[in-house]
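Heads up: the structure comes next, in structure tokens.
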Amino acid sequence: MPADRLRGWLVTLAITLIAVVVRLWDLGHATNEGTPVFDEKHYVPQAWQMLRNGGYEDNPGYELVAHPPVGKQLIAIGEWLLGYNPWGWRITAALSGALMVLLIVRIARRMTRSTMLGALAGILLICDGVSHVQSRVGMLDIFQAMFLLAAFACLLADRDQVRSRMWQVCVEGRLGDSRWGPRLGFRWWRFGAGLMLGLACGVKWNGIYYIMAFGLLSVIWDALARRAAGVPRPWRAALLRDTAPALWSLVAIPLLVYFGTWALWFASETATDRHAVLVSDDVGLGFLPDPLRSLLFYQFNVLDFHTHLVTPKEPHPWESKPWAWPMGMRPMLYYYESGMPGCGRSNCVEATMLIGTPAMWWLALPVAGWAVWRATSRMDWRYAAVLVGYGAGYLPWFLNLDRQMYYFYATPLAPFLVLGIVLVLGEVLGTGRDHFERRRTGLLAVALYVGLVVANFIWLWPVLNGDPITPERWQAELWLPSWR
């Protein structure tokens, strides 16, 4: 790691402070006459209901609970602090978005061993339109993205810690004590990753794909660490020594945490389907306690909802399929009002649109191609890790293309896209062994690119925040026919 630890933290905190200001700027604006917009209309009232009930939903009139409780409980914290108003139902999302900036600075710094590249990662994430908009609405995706990024950060720290322990064993001459190499002891960072993955699943179920991806990644890293240390059969050693602990930390712990997120549901008497098995035995499994069977009945209902949430003959006007997400070809309009003053005219437009900053998102496919080449031909573990994180959030959506899908599902992809871009920028900068002129040219190219991203973000600012603009400016913001 770089030796500038103090400067690294000062840079991290400074960029995080900028992120807080950007995410909180005029946070309460862009509402439907003071009421929630788009899918806020689901989660904001449900969070308020949780606050009223003591942490659970009851939905006495109808059953529309499509996701676990953690994200809505986080929204409820803001409503408890600031009331049932736009600031109240958006504040925790905004702070989560700012926390992601802190995480990505530290992650990029760890992956590149460069404080400057870590800082660039933070700046790019601040300027990402998807992360920005999702941090400013009372929806669930930004919370899941935050927990997933935190899990990734824990895995990176665990990787470094494992290699440090292996190095210590080699220095002490104990590597030959066992043909499978040393036992690595309890790994708190990997345990922390399991906690974060459990919370991610407690926001939305698709966090389970990250459990599988990160679990496999962790075991592969263990095998490579054993090979680097000189263990004779590193893959078999990892299978015997590391697979069971990995299953405990990255499968069992997330499962326990997930069920733990339903603690208030278990403690209630009136929560949705709390006593479902008393009136229905569809779930079976009579050997389980009634509360657990009721929860499973509830989960099966949610699964049935998602299974049948398919694209009808007339799809949602802003629906998009996953092949459109990497380059943000089909944004989403969350809020639109016209015919109001505020832009120097009496007929202005206010709109909030979920747009991935084109200067970043339009590079997704070239960056992915470069990452595949570096990961396969040069065995660069950093690109491989970014591809795993990106793929876990992207590829599973192709399993059921009939399902209704929207661009905001791509929210967890944004930080991994940023990390991929930063790794490429690090190569453009060059290394200390390169000629001075080569380094200066690389620095110029990186500065120009980051400046382009910032300028692109500033240009999009009005339609990311719902600021009043002229109808002509609104039309100028819609760069592609698919954006309309």
Side-chain angles (χ1 to χ4, degrees), residues 6-31 37 40 74-75 77-79 81-83 85-109 115-139 141-143 145-146 149-150 153 334-335 342-343 350-357 359-361 411 414-415 417-419 421-422 447 449-469 477:
L6 176 60
R7 186 169 70 96
W9 274 109
L10 291 176
V11 169
T12 301
L13 295 176
I15 292 178
T16 303
L17 180 61
I18 295 172
V20 170
V21 172
V22 171
R23 299 300 192 238
L24 293 180
W25 188 271
D26 203 14
L27 184 64
H29 186 58
T31 63
V37 299
E40 283 187 332
L74 290 172
I75 295 174
I77 291 173
E79 294 175 338
L81 290 172
L82 302 178
N85 57 65
W87 274 86
W89 66 63
R90 293 172 179 169
I91 184 66
T92 50
L95 294 178
S96 296
L99 180 58
M100 287 180 64
V101 173
L102 184 149
L103 287 170
I104 206 166
V105 173
R106 305 306 296 179
I107 289 171
R109 182 176 182 270
T115 298
M116 185 179 76
L117 288 174
L120 291 182
I123 293 171
L124 293 181
L125 191 61
I126 290 173
C127 295
D128 168 45
V130 170
S131 301
H132 180 75
V133 173
Q134 290 301 116
S135 297
R136 294 171 56 83
V137 292
M139 293 169 59
D141 303 84
I142 197 66
F143 300 121
M146 176 191 67
L149 191 61
Y334 282 173
Y335 162 79
C343 63
E350 290 185 359
T352 299
M353 180 172 276
L354 183 70
I355 302 175
T357 305
M360 289 168 32
W361 284 76
T411 303
L417 172 62
V418 167
L419 289 172
I421 292 173
V422 166
Y449 173 72
V450 174
L452 176 64
V453 171
V454 173
N456 195 180
F457 179 67
I458 292 172
W459 170 263
L460 292 172
W461 180 269
V463 295
L464 298 176
N465 297 282
D467 292 345
I469 54 177
E477 297 281 2

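When reading the values below, keep in mind they use all heavy atoms of this one structure, side chains included, and skip hydrogens, waters and symmetry mates. Since the structure is predicted, the reported quantities are computational estimates derived from the model, not experimental observations.
Heavy atoms only, all atoms of each residue included: Ala30 and Val37 are closest at O-CG1, 3.7 Å. Closest approach of Val422 and Leu120 over heavy atoms only: CG2-C, 4.4 Å. Counting all heavy atoms, side chain and backbone alike, Trp87 lies closest to Gly28 at NE1-N, 3.3 Å. Scanning both residues, Val101 and Ala19, for their nearest heavy atoms gives CG2-CB, 3.7 Å. Listed here is the closest heavy atom pair of Ser131 and Ile142: O-CD1, 4.1 Å. When every heavy atom of Met139 is checked against every heavy atom of Gln134, the shortest pair comes out as CE-NE2, 4.1 Å.
Side-chain contact check for Leu81 versus Ile91: every heavy-atom pair is 4.5 Å or farther apart. In this structure the side chain of Ile469 reaches within 4.5 angstrom of the side chain of Val463, judged on heavy atoms. When side chains are defined from C-beta on, Tyr335 does not count as touching Val137, because their heavy atoms never get closer than 4.5 Å. Counting heavy atoms from C-beta on, the side chains of Val450 and Ile123 come closer than 4.5 Å. Looking at heavy atoms from C-beta onward, Arg23 lies out of side-chain contact with Val20 at the 4.5 angstrom threshold.
With Thr92 contributing its side chain and Gly78 its backbone, the two residues share no donor-acceptor pair below 3.5 Å. Between the side chain of Asn456 and the backbone N or O of Ala359 there is at least one donor-acceptor pair closer than 3.5 Å. Within the 3.5 Å criterion, the main-chain N or O of Phe457 finds no donor-acceptor partner in the side chain of Thr357.
In this structure Tyr334 satisfies the ring-ring contact (aromatic ring centres under 6.0 Å, His included) test together with Phe38, sequence neighbours excluded. Taking the side chain to side chain donor-acceptor pair (under 3.5 Å) definition, one finds that Asn465 meets it with His132, Arg136, sequence neighbours left out. With sequence neighbours excluded, the residues that form a side-chain contact (heavy atoms from CB on, under 4.5 Å) with Met360 are Leu124, Asp128, Val418, Ile421, Tyr449, Val453. Glu350 is linked by a salt bridge (Lys or Arg N to Asp or Glu O under 4.0 Å) to nothing, counting only residues two or more places apart in sequence or in another chain. Taking Trp25 as the reference, nothing meets the side chain to side chain donor-acceptor pair (under 3.5 Å) condition, with sequence neighbours excluded. With sequence neighbours excluded, the residues forming a salt bridge (Lys or Arg N to Asp or Glu O under 4.0 Å) with Glu40 are Arg90, listed by chain and number.
Remark: Arg109 CZ to Ile107 CD1 distance equals 13.0 Å, nearest 0.5 Å. Rounded to the nearest 0.5 Å, atoms CG (Leu125) and CD1 (Ile104) are 4.5 Å apart. One finds the CH2 atom of Trp459 at 5.5 Å from the CD atom of Glu477 (value rounded to the nearest 0.5 Å). Once rounded to the nearest 0.5 Å, the distance linking CG of Leu102 with CG of Leu17 reads 11.5 Å. For the atom pair OG of Ser96 and CG of Asp141, the computed distance is 12.0 Å after rounding to the nearest 0.5 Å.
The side chain to side chain contact (heavy atoms under 4.5 Å, CB included) with Thr352 is formed by just one residue from the set Val133, Leu464, Asp467, Thr31; it is Val133.
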